[in-house]
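Encoded as C-alpha cells, the structure appears first; notes follow it.
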Amino acid sequence: MSIEFSPIQLPLNGGLIACELRAATADDVRQFETDWRPILEGRVGDGDPRWLPSVAGKLRRDAGFPWAQELASAGLADKRLVAAISCKATGRLEALMSLDGENPHWSRVHPTQRIVFVDYVAIAPWNQEELAVTREVKGLGRQLLSFAVEVARQLGYEGGFGLHSTPEAAATYEGGFKLWKGTMEAVPDDGTWLYFEGDGAWLERSRGGRGKP
Amino acid sequence: MKIEISEAWVKAAACPSELDEIDMPPVGRGRRSSARSSTTNFLRITTATGTELTQRRDSAPPGSVRVLGVAAAAALVLFTVQPREISTKQIQVGPRARDAIGTNGGATDFSSRSEDG
C-alpha cells in the first residue's frame, strides 16, 4: 500500500496553462525516458531553435534519475510517493518529485519533529531556464515543495521537509526559495551534500510573495 | 493511506508568487538509487543450512535487523556444533572450527580453547 491522492488542478503561468498534480504512473516514466532524457543527455541538434546552445553535448545529472525504481519503491512502502505535474489538456509531463515519509528523517531545526525527505525532483527540460530558449511552465518547483509541506502535515509530521542539494544549487535554495540552510552532510557511500529544510512557516512566507524570513 | 488536499491549499497554490520565477534545480543524490532500488529493497541472509531469511530493508527498524543477524548466527552455530555431520570438504568454516574438527577426529574439542571464553 502506498500514498494516494486525488488529482489537483493547478492554473500556472497566471492561469494560461491548466496543470494537474497527481500520483505518477508508468506512462510518466516512459515520457521521462523518451521525451526528457535525450535533451538532458545533450542529444539535441546543433541548430535546434528550442534549446540554448549550451545544451548540446552536455550530460546533466537529472538525466540519470531512476524514476522507474522510485515508482516501484513507492508501490512497496506505505509512506512513499512519486508525484507528477502534467499539462491537463495534453497530458504532457512537466515535473516529477519523489517523497520519503517512510524512513525516519528528523528536522535539523526542530530535532524532535519528523519530516518528509525530498528524494528526487526533476523539471521537464522545456521548463528549465538553463535549457529552453523559452521557458514554458513556471512555478513548478514552488508547487512541488508546497505539496511536500502538505504531505508532511497529513502524515502528522508538522509540515517539515528536507532535501540534499549540490553545492552549485545551494544559492537557489538559499537565496531564491529562502529555505533554511543546514550544514554539509556526509551520506554513507553517497558523498557529501548540503542540507536544506522548509516547513509550514516557509510555505506561508512563500504565499505572501515576499519570501522574507 | 490517502492524502486529501484541501480547497484552501489549491487556491493558495494557484496564486502567483515571485518564487514562480525561480528555476528549480534538480534534487537527487548520486548513488542513492542503487541503495534503495526495488530489487535491492530486501535484506537477505542465507544461513549455513541453506535457510533464506528475508526482511524488508526499508520497513525494518534497527532492532529487527539485529534480531535477524542473531538468528542467522544462531543457525550457523547450531549447524557447526554437530560434529558427525560436518565435512570439512563440504563446508567452509573458520580456522578455529577447522582446528577443532581436524585435531580430534571430527569431534569438537573446546577444552583447549578456554581463553576464548
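Naming: A, B, ... by sequence-line order, numbering from 1 per chain.
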Tightest non-hydrogen contact, residues B/Ser17 and A/Arg142, listed as CB-NE, 3.4 Å

Can you list the residues that meet the ring pair (Phe, Tyr, Trp, His ring centres under 6.0 Å) rule with A/Tyr195, with sequence neighbours excluded?
A/His164

Among A/Arg135, A/Glu129, A/Arg61, residue most engaged with chain B (heavy-atom pairs, under 4.5 Å):
A/Arg135

Ignoring hydrogens and angles, write down the donor-acceptor pairs under 3.5 Å from the side chains of residues 6-15 of chain B, residues two or more places apart or on other chains.
residue	atom	partner	partner atom	Å
B/Ser6	OG	B/Trp9	N	3.1

Just wondering, more than 12 heavy atoms not from A/Glu185 lying within 6.0 Å of its CD?
yes

Using non-hydrogen atoms only, which part of A/Glu168 is less than 4.5 Å away from chain B: side chain, backbone, both, or neither?
neither

Between A/Asp190 and B/Arg29, does at least one N-O distance fall below 4.0 Å, as a salt bridge requires?
yes

Pairwise side-chain contact, A/Tyr173 with B/Ile22, heavy-atom cut-off 4.5 Å (strictly under)
no

Provide the closest heavy-atom pair for A/Glu150 versus B/Ile5 in the form atom of the first, atom of the second, distance.
CG-CD1, 3.4 Å

In this structure, CG of A/Leu99 is separated from CD1 of B/Ile3 (nearest 0.5 Å) by 9.0 Å

So for A/Phe147, is it side chain, backbone, both, or neither that comes closer than 4.5 Å to the heavy atoms of chain B?
both

For A/Leu21, is it the side chain, the backbone, both or neither that has a heavy atom under 4.5 Å from a heavy atom of chain B?
side chain

Selection from A/Gly139, A/Ala95, A/Ala122, A/Pro188 maximising heavy-atom pairs under 4.5 Å formed with chain B:
A/Gly139

A/Thr172 and B/Asp23, any side-chain heavy atoms less than 4.5 Å apart:
no

A/Gln154 side-chain N/O to B/Glu4 backbone N/O, donor-acceptor pair under 3.5 Å
yes

Which region of A/Ile8, side chain (C-beta onward) or backbone (N, CA, C, O), has a non-hydrogen atom less than 4.5 Å from a non-hydrogen atom of chain B, or is it both or neither?
side chain

To the closest 0.5 Å, what do you measure between NZ (A/Lys178) and CG (B/Leu19)?
7.5 Å

Contacting moiety of A/Arg153, where chain B heavy atoms sit under 4.5 Å:
neither

Tell me, for A/Ser146 versus chain B, whether the close heavy atoms (under 4.5 Å) come from the side chain, the backbone, both or neither.
both

Exactly one of A/Leu144, A/Val121, A/Asn127 should register a side-chain contact (heavy atoms from CB on, under 4.5 Å) with B/Met24. Which one does?
A/Val121

